[in-house]
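What follows is a single structure, written as structure tokens, with notes after it.
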Amino acid sequence: MSEHEVHLLADADIRALAYIAGVDSRRVFPSKEAIDGLAVFDARMPDRESPPLRTVALLDEFGSPATVASNGPNYFGFVVGSALPVAAAAERLMLAWDQGAAMALTSPAGAAIEATAARWVVDALGLPSDSAVGFGTSATSCSLTCLSAARRALLKRAGWDLEAHGLTGAPRVRVVVSQTAHVAIHKGLRILGFGRDDVITVPVDDNGRMDPACVPVVDALTIVCLQAGEVNTGEFDDFAAIIPPAQANGAWVHVDGAFGLWARSTVGARHLTQGVEAADSWVTDGHKWLNTPYDSAMAICRRREDLAGAMTSDAAYAPGSDHSQKNLTLDFSRRPRGIAVWAALHSLGRAGLDEMFSRNIAQAAHAARRLREAGFSVLNRVVLNQVLVRCDTDETTRSVVSAAQASGIVWFGATVWQGRPAFRLSFSSWRTTLSDVDALCDLLARLHRQEPA
Ligand SMILES: *Cc1c(COP(=O)(O)O)cnc(C)c1O
């Protein structure tokens, strides 16, 4: 290894450490000047080589100031989470390994550690212990893989060989989704060739949960998509009421649990997910509530052969098995992204997981209480880590959101709930403390009184 390489990597590490050291106090959304500074990247590709140190310096000098501090404690937007130091450190080592973790042949370490990560994930989530886990890039891509496994399996049971005959002339598969289903589900369905006419949308109650009375009677050619953690309210569909009758008729039940499925690892919230373990497939993210770095998600399938049947990519030169990640995910070449999941679970253990999620749940309840006292309307029951809020008038809601976003002190996003503007606060970061939550509530109270941030 050359001295140049050592120097370059050490330089990047020093810059990364400086960024992390300041992440608690930096602007949460970058200033206009910092964003204007990104113009430096709008350049022609160089004809000649540049010194690598200069390349990294450019990233840090102009890129770092224009980042969103979602890795800090004061970001409450979407359901983002930050990165646990142990998971980020594991990824640093992974970068040095640079493994193409398609199968044991290309990375024995990747295959073994991801196999354990898979076992621990289904254990932590209380799902059937022999479920298959594909470590994919996002809940979006993992939803796509689960839905494609679902359709293939239903067609197979109906006597249709998808590999041989394709979709033309195949029995029609329908999909039942909630009115508040995430756009990732709709995207997956669209890519797989489902049209709007193939989708039955079930209305939701005031908490964003599918109304069980409105779920249609389904047949053995139906995929039912339920949610563990609705993005606005953090609520759960009534799994115990919906899953058994659907499965009794032969339907496939898929659960989108991008963040909410982790309620399974929390003593105080587990009851919300009762019955979810009976589903056929589940998706969850690492990069949201589990606080692993991007991109990290899991496609989990009760019957390994269903997921592997849809995702298999064996070739004479690249033999694998139903346990090879290339046969459980969309990708062939891939980094062993399950290692960061393994690192998080190894370091936290069951107690640490429970503690991390419980802390965020308690923060959401605390914020809801304080915001009600300050005169806001809290629109959801706040059972998990999401708080849905609005002011008396739509103008005030909008002005509070834009003043908070412009402040650089915190960041959260706007939404529309039941036809009117609202905003969402998500408590998903391991870094957020109760005093950060109090500071957020103090700021919102000032804005509500139309004082400066
Ligand atoms: C975020 C989210 C998704 C999409 O997840 P990505 O990892 O961003 O693709 C899907 N469903 C729900 C409920 C989500 O919260």
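All values reported here derive from a predicted model rather than from experimental measurement. Whatever order the structure lists them in is the order used to number ligands and atoms, beginning at 1. One-based numbering along the sequence shown.
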Who's the nearest protein heavy-atom neighbour of [atom], and how far?
atom                   : result
atom 9 (O) of ligand 1 : T140 OG1, 2.5 Å
atom 4 (C) of ligand 1 : H182 CE1, 3.5 Å
atom 1 (C) of ligand 1 : K288 NZ, 1.2 Å

Answer yes or no: is there a donor N or O on one side and an acceptor on the other, between the side chain of [X] and the main chain of [Y], under 3.5 Å?
X    : Y    : answer
T233 : E235 : yes
Q386 : V231 : yes
W120 : G349 : no

Is D123 paired with R119 through a side-chain N to carboxylate O contact shorter than 4.0 Å?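 D123 and R119: not salt-bridged.
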Within the 4.0 Å heavy-atom shell around D285, which atoms of ligand 1 are there?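 In order of number, 5 (O), 6 (P), 7 (O).
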Check each atom of ligand 1 against the heavy atoms of H287 and keep those under 4.0 Å away; list them by number with element.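 Numbered from 1, ligand 1 contributes 7 (O).
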Does the separation of the ring centres of F357 and W289 fall below 6.0 angstrom?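 Ring-ring flag for F357/W289: true, centres closer than 6.0 Å.
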Record the part of [X] in heavy-atom contact with ligand 1 below 4.0 Å; permitted values are side chain, backbone, both and neither.
X    : result
F259 : side chain
V231 : side chain
A139 : both
E230 : neither

Using heavy atoms and a 4.0 Å limit, tell me yes or no: is G229 in contact with ligand 1?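 G229 counts as a contact of ligand 1 under the 4.0 Å cut-off.
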Does ligand 1 have any atom sitting under 4.0 Å from a heavy atom of D256?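 Contact present.
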May I ask you to check if R303 and W252 form a cation-pi contact, with NZ or CZ under 6.0 angstrom from the six-membered ring centre and within 45° of the axis?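 Checked: cation-pi criterion met.
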For a ring-ring contact (aromatic ring centres under 6.0 Å, His included) with F412, tell me which candidate from F78, F423, Y75 qualifies.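 It is F423; the other options fail the test.
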